[in-house]
Structures are given as C-alpha cells and as structure tokens.
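Step one of this worksheet: look at the structure below.
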Amino acid sequence: MKKVRFLLVALVAAIITGCGTTSTVPVTGRKQTLMVSDGDMLALSTQQYQQFMQQAKASTNAANTAMVRRVGQNLANAVTTYLQSNGYAAELSNFAWEFNLVQDQQVNAWCMPGGKIVVYEGLLPVTQNESALAIVLGHEIAHAVAKHSAERISKEYKNQYGAAILSTVAQAAGVSAGTQQLIDLVQQVGGSLLTSGFSRKQESEADHMGLIFAAMAGYDPNVAVSFWQRMAAQSSGGGGGLFSDHPSDESRMKDIQKWMPEALRYYKGGTTGTAARPATTGRTLHFSSKRK
C-alpha cells in the first residue's frame, strides 16, 4: 500500500510539473514555467488598471506628468528594440504601454502586466532626476517583461490545483476523505497578484533588468547607487513605501556594482538593445509648490 501511495503522489507531481509552458526571461536567461496565458494576464491587468485610474486622482502637475510619460516611453522604446532584436518579437503583442502620475504621497510606483504603469507623486522628491526615475521605471517594467505576476499566479495555481488533484487521487486510493473545492485564484487573492508580493529572486531580477533597460534607453545607470542610498534613508526614517520587501540595501548595492559593467556596455553604445541618449537624461526635476 505504501508503494501505491508513493506512486500516486509521484504521478500527481508529474502531472503538475508537466502543466504550463516554459519560457526564457529576457536579459537574465532564467527559465520559468507559466500556467496562465499572456492574453488572460493582459485582459485582467487592463481591467484592473482602468478601475484604479477611475478612482485615483491624476496629478495636476503637467510638467511632472509629461516627464513621467517621456521617461516611461523612452524605456518602452528601448525594451521594444531589445525584444525585436533578440528573438522576442512575438512578445510585443503582450504590451500596451501606459504611464500615469497620480496624486499620492506614497513613495511608490508599480507596473501591471502589459505595461500599465503608475507613479505616485511622493516618489519624485526621492528620485530627484530623470535618470533615477528611469531606474525605478526600468525596475517596474522589468516585472512586466519578466512576467513575474504570471509566474506568481502560476505558482499559486499549481499549489492549489495540485492539492486538489492529490486529494482526489488520495480519496480513490483510500488515503484520505473528501476533495477540496477549487475557487477562482485571482479573485481569491486579489489584484495584489498583479503588482506586489514578488519573491526576493524576482525583485533582484527586476533590479538587474531595470538597470539594463535604463542604460539601453540612454539613462546613466551609475545613478542607481545614489538613488538606492536615498531610498535606504527614506526607509530607515520610517517612510516605508517602495520596495520595502526587496533585497537588503547591502545586497542590492553589491548586486548593482556586479551588474554595472554590463549596464555600461549598453549605456556607452553597445550593440543590440541600445537607444539614443535622450537630451533630458539626468535633468533635475522641478516640482510644484503645492503638494498634498
């Protein structure tokens, strides 16, 4: 009987592992298994993004709004060029880029699957210049390009459906009684699956890819060090906010230094994926005197 039970468990594991499709993350080359389609992720994120923007208050600062959209579009253009030139052209249909600045003093920004991005006004005094903003937006765009939300949902999907399959098989074998009722995963866990709760590995990967994307778009990657130092000071002061659950400040700085030679190859005019350096790179931001 023990042998039968072992074989049943092994069978379930094989079924779960065999589900989904395997893809390669751009830039890092990491392999991942996804159990949700790109089309479903884009439809879901578009719907939730529209709902958020209907409730949020768009920034009334025209200069800062234009700056966020300019930097974001520069990054999107660079990412598009990179994907087209490196065998990922089919992925471009999964993106409908949109960049918005909202009235909120949180030090935060996020990107939903499909390239739906929100920047909070509270982030801009910490970024201070367009290159640092590009580091943040590059990080957020990287979450979308690397399909981190789909990866997280796939993991939850596999865990829950795997448990249900195992329960059903075990019941037939007399191992346990009852089956587990499956519910819709996204509605159960909520929209946070699309914008937060990423693993340390995913956050580190987004740091890496974001640094490269910023350099590809013509923004100096060296500003990442001073920006993360400001973010560390913000967090230590009780500010919380952006990336509070990310790798430690010490680990992040070491990783940035490790990735910097690669980023500088793109920034200095490397081959595939580079973009023309925008005239606005590194320009100091100007803020409205009125802030909420």
Side-chain angles (χ1 to χ4, degrees), residues 15-56 69 72-73 75-100 109-119 137-165 181-199 201-203 205-206 209-210 213 216 273:
I15 292 173
I16 297 171
T17 303
C19 294
T21 59
T22 300
S23 61
T24 303
V25 178
V27 179
T28 67
R30 181 175 65 87
K31 301 294 183 181
Q32 59 184 179
T33 299
L34 304 176
M35 301 178 70
V36 291
S37 73
D38 295 327
D40 287 342
M41 291 300 297
L42 180 58
L44 180 62
S45 64
T46 299
Q47 180 185 43
Q48 294 205 2
Y49 188 81
Q50 290 174 345
Q51 291 176 352
F52 174 86
M53 289 307 303
Q54 287 173 357
Q55 298 173 0
R69 291 176 177 169
Q73 193 59 56
L75 285 160
N77 292 343
V79 168
T80 296
T81 299
Y82 176 84
L83 294 178
Q84 287 176 330
S85 303
N86 287 273
Y88 294 97
E91 297 292 330
L92 295 176
S93 61
N94 299 323
F95 297 99
W97 302 102
E98 188 172 347
F99 307 90
N100 281 295
W110 45 261
C111 177
M112 284 188 175
K116 304 298 185 182
I117 296 173
V118 164
V119 175
L137 294 185
H139 175 107
E140 295 303 328
I141 286 173
H143 279 308
V145 173
K147 302 182 181 181
H148 286 161
S149 295
E151 194 171 31
R152 183 186 175 200
I153 289 176
S154 296
K155 182 178 179 180
E156 295 289 341
Y157 183 94
K158 184 183 294 186
N159 289 342
Q160 294 201 23
Y161 275 69
I165 293 171
Q181 180 182 8
L182 301 179
I183 60 177
D184 182 85
L185 182 62
V186 174
Q187 288 188 359
Q188 176 195 8
V189 181
S192 63
L193 275 172
L194 300 178
T195 59
S196 64
F198 301 115
S199 69
K201 179 187 293 186
Q202 290 174 326
E203 295 294 358
E205 185 171 60
M209 295 173 65
F213 290 158
M216 286 178 182

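Sequential numbering from 1 along the given sequence is applied to the chain's residues.
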Taking the side chain as everything from C-beta on, heavy atoms only, tell me whether Met53 gets closer than 4.5 Å to Val118.
yes

Taken in chain and number order and not counting sequence neighbours, the residues that satisfy side-chain hydrogen bond (donor to acceptor under 3.5 Å, both in side chains) with Lys147 are Asp38, Glu91

Taken in chain and number order and not counting sequence neighbours, the residues that satisfy ring-ring contact (aromatic ring centres under 6.0 Å, His included) with Tyr88 are none

In terms of heavy-atom contacts, Cys111 and Ile117 come closest through SG-CG1, 3.4 Å

CZ (Phe52) and CE (Met112) are apart, to the nearest 0.5 Å, by 8.0 Å

Minimum side-chain heavy-atom gap Met216-Val79 below 4.5 Å = no

In terms of heavy-atom contacts, Tyr49 and Asn100 come closest through OH-ND2, 3.0 Å

Practice prompt. Determine whether Leu75 and Trp97 make a side-chain contact, defined as any pair of heavy atoms from C-beta on separated by less than 4.5 Å.
Written response: no

Smallest heavy-atom separation, His143 atom then Ala206 atom, equals CE1-CB, 3.6 Å

Rounded to the nearest 0.5 angstrom, the NZ-NE2 distance for Lys201 and His148 is 10.0 Å

Contacts of Ser37 meeting side-chain hydrogen bond (donor to acceptor under 3.5 Å, both in side chains) (sequence neighbours excluded), chain-then-number -> Asp40

Tightest non-hydrogen contact, residues Phe213 and Gly138, listed as CD1-O, 3.9 Å

Just wondering, do Thr80 and Phe95 contact through their side chains at under 4.5 Å, heavy atoms? no

Here the pair of heavy atoms bringing Ser149 nearest to Met41 is CB-CE, 3.8 Å

Applied to residues 27-36, the salt bridge (Lys or Arg N to Asp or Glu O under 4.0 Å) test, sequence neighbours excluded, yields Arg30-Glu151, Arg30-Glu205

Across all chains, not counting sequence neighbours, the ring-ring contact (aromatic ring centres under 6.0 Å, His included) partners of Phe99 are none

Donor-acceptor contact present, side-chain Ser45 to main-chain Leu42, <3.5 Å
yes

Shortest non-hydrogen pair, Ala144 vs Gly115, comes out as CB-N, 4.3 Å

- Between His139 and Glu203, is any side-chain donor less than 3.5 angstrom from a side-chain acceptor? yes

For Gln84, the side-chain hydrogen bond (donor to acceptor under 3.5 Å, both in side chains) test, sequence neighbours excluded, returns none

* Quick one: does Pro26's side chain get under 4.5 Å of Asn86's, heavy atoms only? -> no

Separation between OG1 (Thr46) and NZ (Lys116), nearest 0.5 Å, reads 4.5 Å

To the nearest 0.5 Å, atom CD of Gln32 lies from atom OG1 of Thr21 at 8.5 Å

